[in-house]
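Here is the naming used below: chain letters follow the sequence lines, and residue numbers restart at 1 for every chain.
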2 protein chains.
Amino acid sequence: MSVNRKTKSFKLIMDVFNENKNAISAIYLVDQFSNKMNKTTVYRILDRLENDGILHSFIDKQGLKRYAKDSDDNSITHPHFLCQDCGISTCVKVNITLPDISEYNIKSSEHLLIGTCKDCLSN
Amino acid sequence: MSVNRKTKSFKLIMDVFNENKNAISAIYLVDQFSNKMNKTTVYRILDRLENDGILHSFIDKQGLKRYAKDSDDNSITHPHFLCQDCGISTCVKVNITLPDISEYNIKSSEHLLIGTCKDCLSN
DNA sequence: ACTACAAATGCAACTGAATTGCAATAAGGG
DNA sequence: CCCTTATTGCAATTCAGTTGCATTTGTAGT
Ligand SMILES: [Mn+2]
Ligand SMILES: [Mn+2]
Ligand SMILES: [Zn+2]
Ligand SMILES: [Zn+2]
């Protein structure tokens, strides 16, 4: 009983994440594929991919949900970088050490780094 | 020319932040004061307070905008904690050291810590 | 205390991301 | 090829936040 049918829409979205390891906003995909599939479909496919552990997500500085492909060198929890200039967002392959705070039992964390990417710096 | 008039609405909201150092969502205040002022007014007062450097804000895990009072022991950039159980959110007075990533010029960062607070742990 | 004027507010309409219910479609196991 | 049911399309809805504009109100200056 396959839980994930390889539909045309599913493949189109999966291709994006296979060709691009950046973090992509749901709304960008909705827009990109507006003539290929319904926006509801985009959201539901992203949901499934996340539940299946193929993608992970976070809320960016503008409150938009972004998704990126899981990979082996993604530590379980890693920061996400956003370039103010060109808008690209990437998973940052760095281990962040949480300060030990006695008052809280910290279970997970989200880290957003905002700045300028290499490409935008050199242009 | 006073830029900040001490209106009734302004005082009501300011009081909340003076009595409570936690990070409070805009929508919570809109709800709290629904019979005292218009929601637009809440948003605009929060905006002003942030521009004047009295409050600072961040987007929480649900994509909601939260505000907290600036204070001397708030380092310029500090993490924010959210208790999964009771929902309170606090500024965490800890210096976080960003890993130096050659690929990016990092100008600012946002750090969300999710877990359980002391109160919820002991109950 | 009065006035004038800009700042602040209320209201209603609007935006934009994301979700929901339901009927129609299509993937793929047998 | 059939059948089951996962997936999709569509339209309506939600929910936080914003905008335009007319009205009110704080307060500086007299
Ligand atoms: Mn990532
Ligand atoms: Mn804070
Ligand atoms: Zn860039
Ligand atoms: Zn708690």
K.L.:
Find the distance Arg48(B):CZ to dG17(D):C1' and express it as a whole number of Å.
P.N.:
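Checked: the CZ to C1' distance equals 16 Å.
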K.L.:
Mind checking if Thr7(B) touches a base, just sugar-phosphate, or nothing, with heavy atoms under 4.0 Å?
P.N.:
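Counting heavy atoms under 4.0 Å across all strands, the contact made by Thr7(B) is with sugar-phosphate only.
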K.L.:
Looking at the side chain of Thr40(A), which of dC10(D), dG10(C), dT8(D) is the nearest nucleotide?
P.N.:
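That would be dC10(D).
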K.L.:
Heavy atoms under 4.0 Å, any strand shown: does Lys6(A) hit a base, just sugar-phosphate, or nothing?
P.N.:
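If one applies the 4.0 Å heavy-atom cut-off, Lys6(A) turns out to touch the sugar-phosphate alone, with no base involved.
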K.L.:
Hey, mind stepping through Leu113(B) and Ser109(A) against side chain to side chain contact (heavy atoms under 4.5 Å, CB included) and telling me if it holds?
P.N.:
CA-CA 4 Å; Leu113(B) 310 178; Ser109(A) 61; 3.8 Å; yes
K.L.:
Hey, can you tell me if His80(B) and Phe58(B) have their rings parallel, tilted or perpendicular (30° and 60° cut-offs)?
P.N.:
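Ring orientation, 0 to 90° scale: parallel.
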K.L.:
Among residues two or more places apart or on two chains, list those pairs meeting salt bridge (charged side-chain N to carboxylate O under 4.0 Å, His left out) that have a residue in residues 104-123 of chain A.
P.N.:
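Sorted pair list: Glu110(A)-Lys61(B).
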K.L.:
Mapping Leu64(B) and Ile45(A) to their closest nucleotides on DNA chain D, which lands nearer the 5' end?
P.N.:
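Closest to the 5' end, via its nearest nucleotide, is Ile45(A).
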K.L.:
If an axis is fit to five pairs at each end of the helix from dA1(C)-dT30(D) to dG30(C)-dC1(D), what is the angle between the two, to the nearest 10°?
P.N.:
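What I find for the helix from dA1(C)-dT30(D) to dG30(C)-dC1(D) is an axis angle of 40°.
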K.L.:
At less than 3.5 Å, do the side-chain atoms of Arg44(B) and the base atoms of dG17(D) form a donor-acceptor pair?
P.N.:
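Check fails, no donor-acceptor contact within cut-off.
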K.L.:
Between atom NZ in Lys36(A) and atom C1' in dT7(D), what is the gap in whole Å?
P.N.:
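Between C1' of dT7(D) and NZ of Lys36(A): 19 Å.
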K.L.:
To the nearest Å, give me how far apart CZ (Phe10(A)) and P (dA27(C)) are.
P.N.:
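It is 13 Å, rounded to the nearest whole Å.
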K.L.:
With side chains defined as the heavy atoms from C-beta onward, is the minimum distance between Ser9(A) and Ile45(A) less than 4.5 Å?
P.N.:
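Touching, per the 4.5 Å side-chain cut-off.
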K.L.:
Once you measure the plane-to-plane angle for His78(B) and His56(B), does it fall in the parallel (<30°), tilted (30-60°) or perpendicular (>60°) bin?
P.N.:
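Answer is perpendicular, since the angle exceeds 60°.
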K.L.:
Taking atom C1' of dA26(C) as reference, at what distance in whole Å does atom CG of Asn4(A) sit?
P.N.:
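Going from Asn4(A) (CG) to dA26(C) (C1'), I get 15 Å.
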K.L.:
Pick the closest DNA chain D nucleotide for Arg66(B) and for Lys8(B) by heavy atoms, then say which residue is nearer the 5' end.
P.N.:
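The 5'-side residue here is Arg66(B).
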K.L.:
Can you find an N or O donor on one side and an acceptor on the other, under 3.5 Å apart, linking the side chain of Arg5(A) with the base of dA6(D)?
P.N.:
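Yes.
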K.L.:
Rounded to the nearest angstrom, tell me the gap between atom NZ in Lys39(B) and atom P in dC11(C).
P.N.:
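These atoms are roughly 13 Å apart.
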K.L.:
Can you give the donor-acceptor pairs under 3.5 Å from side chains of residues 35-44 of chain B to other protein atoms, not counting sequence neighbours?
P.N.:
from     : atom 1 : to       : atom 2 : distance (Å)
Asn38(B) : OD1    : Thr40(B) : N      : 2.9
Asn38(B) : OD1    : Thr40(B) : OG1    : 2.8

K.L.:
Can you check the Leu12(B) CG to dG10(C) P distance for me, whole Å?
P.N.:
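For the pair Leu12(B) CG and dG10(C) P, the rounded distance is 11 Å.
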K.L.:
Starting from P on dA17(C), measure out to CG on Asp47(A) and report it in whole angstrom.
P.N.:
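Whole-Å distance recorded here is 17 Å.
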K.L.:
Rounding to a whole Å, what distance do you find between Met37(A):CE and dT7(D):P?
P.N.:
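Result: 14 Å.
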K.L.:
Going by heavy atoms in the side chains, are Leu46(B) and Leu55(B) under 4.5 Å from each other?
P.N.:
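In contact.
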K.L.:
Can you check whether Tyr43(A) has a side-chain N or O nearer than 4.0 Å to OP1 or OP2 of dT19(C)?
P.N.:
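The answer is no; no side-chain N or O of Tyr43(A) sits under 4.0 Å from OP1 or OP2.
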